[in-house]
Amino acid sequence: MSEDTRAVGGYCKVLAWVTNPNACGQIIKAAKKIALANKGELMIVSIQSGIRNDWERKADDLEVLNNVAHDNDAELTIIYSDNSMEAMFKCITDEKPTHMFCGLPGVQVGRSDFIDNMCAMADGAVIYSVDFSGNCAKIN
């Protein structure tokens, strides 16, 4: 990971994409290391679909995500959208990150539409996938 830790043109904005409260701690810690090494900004983002009938579990999950963010001196940005790809594109376009961190692909290991689309939208950002042990792998 060290060869890709340099800020681009002195600017460094690190986005950590989180959804799973059980995995978010390792993703945020890895992203924070890059942000601190480059004196950059860390932004933690969670895209959530409508709560509908599952409000209690969603509220619990968001509380965990928020607590982990605050434990790492960062704020959690929650984007509510039923179109996660559109929300991700808007966030990447607006924030212009130099680095992005996400968890492991979901159901089919090695495949994730979210991660594939994030890589396509990266526009020069370095993207890492972080496993439950905190190991990072550059994926673009």
Side-chain angles (χ1 to χ4, degrees):
M1 186 163 68
S2 61
E3 79 248 12
D4 296 314
T5 60
R6 296 175 304 278
V8 178
Y11 167 82
C12 179
K13 183 165 211 169
V14 179
L15 256 64
W17 298 97
V18 296
T19 307
N20 181 342
N22 299 317
C24 70
Q26 297 300 337
I27 297 167
I28 292 169
K29 287 176 189 174
K32 183 178 178 179
K33 284 181 187 177
I34 295 297
L36 287 173
N38 290 287
K39 297 179 176 74
E41 179 183 352
L42 173 60
M43 182 175 178
I44 301 164
V45 181
S46 183
I47 299 174
Q48 299 288 324
S49 60
I51 293 175
R52 293 186 183 86
N53 296 325
D54 201 14
W55 68 269
E56 195 169 313
R57 185 186 62 79
K58 288 269 192 174
D60 291 345
D61 288 354
L62 290 173
E63 183 176 5
V64 171
L65 293 173
N66 190 51
N67 289 341
V68 173
H70 281 264
D71 288 349
N72 285 278
D73 300 319
E75 288 187 27
L76 173 65
T77 299
I78 302 168
I79 301 170
Y80 289 99
S81 176
D82 286 328
N83 185 336
S84 61
M85 300 306 165
E86 183 179 293
M88 174 181 44
F89 177 76
K90 182 171 179 358
C91 184
I92 290 171
T93 302
D94 291 350
E95 300 301 331
K96 298 171 183 48
T98 56
H99 302 78
M100 291 190 280
F101 288 77
C102 61
L104 295 174
V107 179
Q108 289 180 301
V109 176
R111 292 284 310 151
S112 165
D113 287 342
F114 188 86
I115 293 173
D116 289 347
N117 283 308
M118 181 177 35
C119 289
M121 296 174 198
D123 198 27
V126 180
I127 302 174
Y128 294 97
S129 181
V130 182
D131 70 14
F132 286 102
S133 299
N135 299 309
C136 294
K138 182 179 171 186
I139 59 174
N140 69 334

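If you're wondering where the values come from, they're calculated on a predicted model, not measured in any experiment.
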(message) I need the Met118 CE to Phe101 CZ distance, nearest 0.5 Å.
(response) 10.5 Å
(message) Can you give me the closest heavy-atom contact between Pro21 and Cys24, atom names plus distance?
(response) O-SG, 3.4 Å
(request) Taking all non-hydrogen atoms of both residues into account, name the closest pair between Cys119 and Ile139 and its distance. (result) SG-O, 3.9 Å
(request) Hey, could you give me the SG/NZ distance between Cys136 and Lys33, rounded to the nearest 0.5 Å? (result) 7.0 Å
(request) With the side chain counted from C-beta on, respond yes when Ile92 and Pro97 share a heavy-atom pair under 4.5 Å apart, and no when they do not. (result) yes
(request) Take atom CZ of Phe114 as the centre, draw a 6.0 Å sphere, and report whether it contains more than 12 heavy atoms from other residues, nucleotides or ligands. (result) yes
(request) Examine distances only and state if a side-chain atom of Ser46 and a backbone atom of Thr19 form a donor-acceptor pair shorter than 3.5 Å. (result) no
(request) Ignoring hydrogens and angles, tell me if any N or O in the side chain of Asn20 forms a donor-acceptor pair with the backbone of Asn22 under 3.5 Å. (result) yes
(request) With rounding to the nearest 0.5 Å, note down the distance linking CG in Asn117 to CZ in Phe89. (result) 11.0 Å
(request) Would you kindly confirm whether Leu36 and Val130 end up in one hydrophobic cluster when ILVMFWY residues are joined by side chain heavy atoms under 4.5 Å apart? (result) no
(request) Report the C-alpha separation of Gln48 and Asp61 in whole Å, then their side-chain angles, then the decisive distance to 0.1 Å, and conclude whether the side-chain contact (heavy atoms from CB on, under 4.5 Å) test is met. (result) CA-CA 11 Å; Gln48 299 288 324; Asp61 288 354; over 6 Å; no
(message) Quick check: closest heavy atoms across Met121 and Met85, and the distance to 0.1 Å?
(response) CE-O, 3.8 Å
(request) Considering non-hydrogen atoms only, spot the tightest contact between Met100 and Ala122 and give its length. (result) CE-CA, 4.1 Å
(request) Would you check if Lys39 and Cys12 make a side-chain contact, meaning some heavy-atom pair closer than 4.5 Å? (result) no
(request) For residues Asn72 and Lys29, determine if any side-chain heavy atom of one lies less than 4.5 Å from a side-chain heavy atom of the other. (result) yes
(request) Measure the spacing between CD1 of Ile79 and CE of Met88 and express it to the nearest 0.5 Å. (result) 10.5 Å
(request) Would you check if Asp73 and Lys32 make a side-chain contact, meaning some heavy-atom pair closer than 4.5 Å? (result) yes
(message) Test your reading of the model: is there a side-chain donor-acceptor pair from Ser49 to the backbone of Ser81, 3.5 Å cut-off?
(response) no
(message) Using a 3.5 Å distance criterion without hydrogens, assess whether the side chain of Lys96 forms a donor-acceptor pair with backbone atoms of Thr93.
(response) yes
(request) Please confirm whether the backbone N or O of Ala30 pairs with a side-chain atom of Tyr128, one donor and one acceptor, at under 3.5 Å? (result) no
(request) Nearest 0.5 Å please: distance from the CG atom of Leu42 over to the CD1 atom of Ile34. (result) 11.0 Å
(message) Using a 3.5 Å distance criterion without hydrogens, assess whether the side chain of Thr98 forms a donor-acceptor pair with backbone atoms of Lys13.
(response) yes
(request) Considering non-hydrogen atoms only, spot the tightest contact between Ala74 and Ile44 and give its length. (result) CB-CD1, 3.4 Å
(request) Measure the CG-CG distance between Asp60 and Leu65 for me, rounded to the nearest 0.5 Å. (result) 11.0 Å
(message) Please give me the minimum heavy-atom distance between Leu76 and Leu62, naming the atom from each residue.
(response) CD2-O, 4.1 Å
